[in-house]
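Below is one structure; the comments refer to it alone.
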Amino acid sequence: MKNDVIRLLPDSVANQIAAGEVIQRPASVVKELVENAADAGATVIKIILKDAGRTLIQVVDNGSGMSGTDARMAFERHSTSKITNAADLFALSTMGFRGEALASIAAVSQVELRTMRRDDNIGTRLCINGSKVESQEPEACTPGTSISVKNLFFNVPARRKFLKKDAVELANIVHEFERLALVNPNHELMLMHNDNIMHQLMPGSLKQRIGQLFGKSVERQLLPIETSTSIVRINGFAGLPEGARRRNWLQYFFVNGRNMKHPYFHKAIMNCYEKLIGPDVQPNYFINFEVDPATIDVNIHPTKNEIKFENEQSIWQILEAAVRESLGKFNVAPAMDFSEDDVPEIPVFAPTITDKPDLGEDAETYNPFDAGTTGLPSAVRNYMGNSADTRGIKSSALNWKKDTMGTFSDWDRLYSRWNNAGNDTDRTDTSRLMMAQPDITDDIRSMDMFNDRDENRNTEYGSVMQFKNKYILSPARSGLLIIDQHRAHVRVLYERYLEDVKGKSHATQSLIFPEMISLTPGQEVTLNDFKDRITETGFDIVKAGKGSWAINGIPAIVAKSNPVELLNGIIDAISTKGTDIAGTLEQEIALSMARSTAIRSGQALSADDMERLLSDLFSLSTPTYTPDGLLVLKIIDTETLTRSF
């Protein structure tokens, strides 16, 4: 008989396992400690960091403090003052409730706690090293709590190894700080990193807090949202359409003073902006929901950022109506579109050109407003058949197209091709005559996915067309080829820019007037950390004040691009990179430049432009996907098309 193999894990091991879910990076520690301080009734909270939280994360508050016994119990698993039974989960008014955060933090760091209640004469100092209590003793301190987390993941080398560069981790902390500051506008908050104050926020309204965090320009572009029903009370702000961004958009949801992410509600807001902004930008919004705690469940994710609503569909409709009402109240309407799409062709007046073709024997009986066939020219009647009914034919189909030299005189020749449309050879000849486009079939054949040998194929295609100013359609041997024009251009430009970025010489195009760019503290940290590498690619940037930088020059290869958008894209790519970017910075810079300068969805292209783009795309070894994995092209095979009809 074998010995029993199931055993109870020690608390220290169990705490480390729990820490893997709750404490993912330094930003997670900041979130948990600040939320605890807010739950304790603090009005002033200070966050002090060293080395982006690797060496030190200290949170000091003026809250209620703890007794010596409570201080010790707070670091035990599942110890909490927030709830006493399961029913309390549906009446929560605090941020924390599980009793796991402090135990998880203590399991992977060295913790020093100083705390004292307002009515006590002396406080408590507690030291914990990797879940093991090393000392607890009385100590004189100020009312409130100061907790220091040192050497995060010191006893879990694998976790510490996978922490990102300081700039990336600090950017995540700053982003978490912004989320916490928005749900606590009545608190005084300070964020300090390596003895430099990054944020010093004073109490105020939500709108004032937005301005403190993101600048007055964002604050001035906000529209108030306010509605109240028996299900939900919604208030907050939505951004003007002209303030929509291609990246670094500011989108925040709060429910009962808690941050949350909710893709379903995000879709409701995007529906309101559908005809107000372009497809490649996103609006800013700061929306707060107040609901009965019994109608939501916040205990569905370790980070408590995902929340389930009982009346989700009803709230969706109320939210959409509230945002639409706000946009309408402030006369926000779609801009008039003066593009050339769907614009009727109006010929230039020329007195020497006759107003209509010679109808011969039909001249007296022809009536352009007659819905029947009796008033149509004989050539059209022959094509349609005398018994055909043309009441469903659009008037545009009956218009006569004149060439640049005058009236089209060879009508019988034109209609003869229509009459012989059933003949494959004749149809091929017509296609060649009327669509004089360069043949891209050879480029397509070079790719394995299009290299299907169709022996029955007897039609040569050489045409391309643009659909909705977004997609390029082209016949292929296998069927119909559909290409996303923006992604295709990104793929092409990326290869060019990457080759130049990896080179040793990078020319700089000086700007006549410097472009000013405003950065958040997190973005500024990222730029400072990678400034030398970015400068090597051809940028000329200098600091012009707190959060403000001047762009004096940009890489010559992207001289026509928007300098602010270009630099913002590079900083954003570095800040959000999922892996260590040190070895892939050139790729990220090349990709950011390609995204910034590529043709946009909605941009009209000429036939030559489309042909050139396809030729460049299919000359690449990997044209199917963008460098970040987005699909560039798709082919609908002939069999699928046939089944559709």
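In what follows, residues are counted from 1 in the order of the sequence shown.
Put simply, the side chain of Leu201 reaches to within 4.5 Å of the side chain of Phe177, judged on heavy atoms. Contact annotation: the side chain of Glu134 never approaches that of Gln110 to less than 4.5 Å [non-hydrogen atoms, C-beta and beyond]. When side chains are defined from C-beta on, Leu189 does not count as touching Leu180, because their heavy atoms never get closer than 4.5 Å. Contact annotation: the side chain of His262 approaches that of Glu312 to within less than 4.5 Å [non-hydrogen atoms, C-beta and beyond]. Under the 4.5 Å side-chain criterion, counting only non-hydrogen atoms from C-beta, Glu176 is not in contact with Asn172. Between Ser548 and Met516 the shortest side-chain heavy-atom distance falls below 4.5 Å. A heavy-atom distance below 4.5 Å is not found between the side chains of Val108 and Arg159. Looking at Thr124 and Leu113, their side chains never come closer than 4.5 Å, going by heavy atoms from C-beta outward.
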Are Ile210 and Leu182 close enough, and set up right, to give a side-chain contact (heavy atoms from CB on, under 4.5 Å), and what steps lead you there? CA-CA 7 Å; Ile210 294 171; Leu182 289 171; 3.8 Å; yes

Could you walk me through whether Leu567 and Ile534 satisfy the side-chain contact (heavy atoms from CB on, under 4.5 Å) test, starting with their C-alpha distance in whole Å, then the side-chain angles of each, then the deciding distance to 0.1 Å, before giving a yes or no? CA-CA 9 Å; Leu567 186 58; Ile534 294 175; 4.3 Å; yes

side-chain contact (heavy atoms from CB on, under 4.5 Å) between Leu126 and Val133, worked out: CA-CA 8 Å; Leu126 177 67; Val133 177; 3.8 Å; yes

Please evaluate residues Val183 and Tyr252 with respect to the criterion side-chain contact (heavy atoms from CB on, under 4.5 Å), reporting the C-alpha separation (whole Å), side-chain torsions for both, the decisive distance (0.1 Å), and the verdict. CA-CA 10 Å; Val183 295; Tyr252 297 89; over 6 Å; no

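Here the CD1 atom belonging to Ile315 is positioned 5.5 Å from the CG atom belonging to Asn311, to the nearest 0.5 angstrom. In this structure, Asp292 CG and Arg233 CZ are separated by 15.0 Å, a value rounded to the nearest 0.5 Å. A distance of 11.5 Å separates CE of Met190 from CD1 of Ile45, quoted to the nearest 0.5 Å. The line from CD of Glu325 to CD1 of Ile318 is 12.5 Å long, rounded to the nearest 0.5 Å. Between the CG atom of Asn256 and the CD1 atom of Ile307 there is a distance of 8.0 Å, given to the nearest 0.5 Å. Note that CH2 of Trp549 and CD1 of Ile571 are 8.5 Å apart. Values are rounded to the nearest 0.5 Å.
Panel note: side chain Arg118, backbone Asn62; a donor-acceptor pair is recorded below 3.5 Å. When atom types are taken as modelled, the side chain of Asn155 and the backbone of Ala107 share a donor-acceptor pair closer than 3.5 angstrom. The main-chain N or O of Arg25 is never found under 3.5 Å from a side-chain atom of Glu169 such that the two would form a donor-acceptor pair. A donor-acceptor pair under 3.5 Å links the side-chain atoms of Asn259 to the main chain of Arg179, judged by distance alone. When atom types are taken as modelled, the side chain of Arg160 and the backbone of Leu152 share a donor-acceptor pair closer than 3.5 angstrom. For Ser109 (side chain) and Val111 (main-chain N/O), no donor-acceptor pair under 3.5 Å exists by modelled atom type. A donor-acceptor distance shorter than 3.5 angstrom exists from the side chain of Ser326 to the backbone of Pro224, with no hydrogens or angles considered. Listed for the Asn184 side chain is no donor-acceptor partner under 3.5 Å among the backbone atoms of His187.
Using a 3.5 Å distance cut-off with no hydrogens or angles, the side chains of Gln58 and Ser146 do pair a donor with an acceptor. For the residue pair Glu178 and His199, no side-chain donor N or O sits within less than 3.5 Å of a side-chain acceptor on the partner.
If you run side-chain contact (heavy atoms from CB on, under 4.5 Å) between Asn194 and each of Asp51, Ile48, Asp166, Leu49, only Asp51 comes through. Screening Leu223, Leu206, Ile225 against Phe237 for a side-chain contact (heavy atoms from CB on, under 4.5 Å) leaves a single residue, Leu206. The one candidate from Asp120, Thr115, Asp119 that meets the side-chain hydrogen bond (donor to acceptor under 3.5 Å, both in side chains) condition with Arg117 is Asp120.
Smallest separation of non-hydrogen atoms from Pro26 and Leu163: CD-CD2, 3.8 Å. Of all non-hydrogen atoms in Ile551 and Pro563, the two that sit nearest each other are CD1-O, 3.7 Å. When every heavy atom of Ala550 is checked against every heavy atom of Ala544, the shortest pair comes out as N-CB, 4.2 Å. Closest heavy-atom contact between Arg324 and Cys272: CG-SG, 3.5 Å. Counting all heavy atoms, side chain and backbone alike, Phe530 lies closest to Ala167 at CE1-CB, 4.3 Å. Closest approach of Ala101 and Glu32 over heavy atoms only: CB-OE1, 3.4 Å.
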What donor-acceptor contacts under 3.5 angstrom involve side-chain atoms of residues 137-144, with partners at least two apart or in another chain?
{"unit_1": "Glu137", "atom_1": "OE2", "unit_2": "Arg125", "atom_2": "NH1", "d": "3.4"}
{"unit_1": "Glu139", "atom_1": "OE2", "unit_2": "Arg114", "atom_2": "NE", "d": "2.5"}

Atom pairs and distances, donor-acceptor, side-chain atoms in residues 281-289, under 3.5 Å, two or more places apart:
{"unit_1": "Gln282", "atom_1": "OE1", "unit_2": "Gln251", "atom_2": "NE2", "d": "3.0"}
{"unit_1": "Asn284", "atom_1": "OD1", "unit_2": "Leu250", "atom_2": "N", "d": "2.9"}
{"unit_1": "Tyr285", "atom_1": "OH", "unit_2": "His266", "atom_2": "ND1", "d": "2.8"}

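Listed by chain and residue number, Trp316 satisfy the ring-ring contact (aromatic ring centres under 6.0 Å, His included) test with Tyr264 (two or more places apart in sequence, or in another chain).
Within a 6.0 Å sphere centred on NZ of Lys543, heavy atoms belonging to other residues, nucleotides or ligands number more than 12. For Lys531, the NZ atom counts as densely surrounded, since its 6.0 Å shell holds more than 12 non-hydrogen atoms of other residues, nucleotides or ligands.
Remark: Glu188 does not engage Lys46 in a salt bridge, criterion side-chain N to carboxylate O under 4.0 Å.
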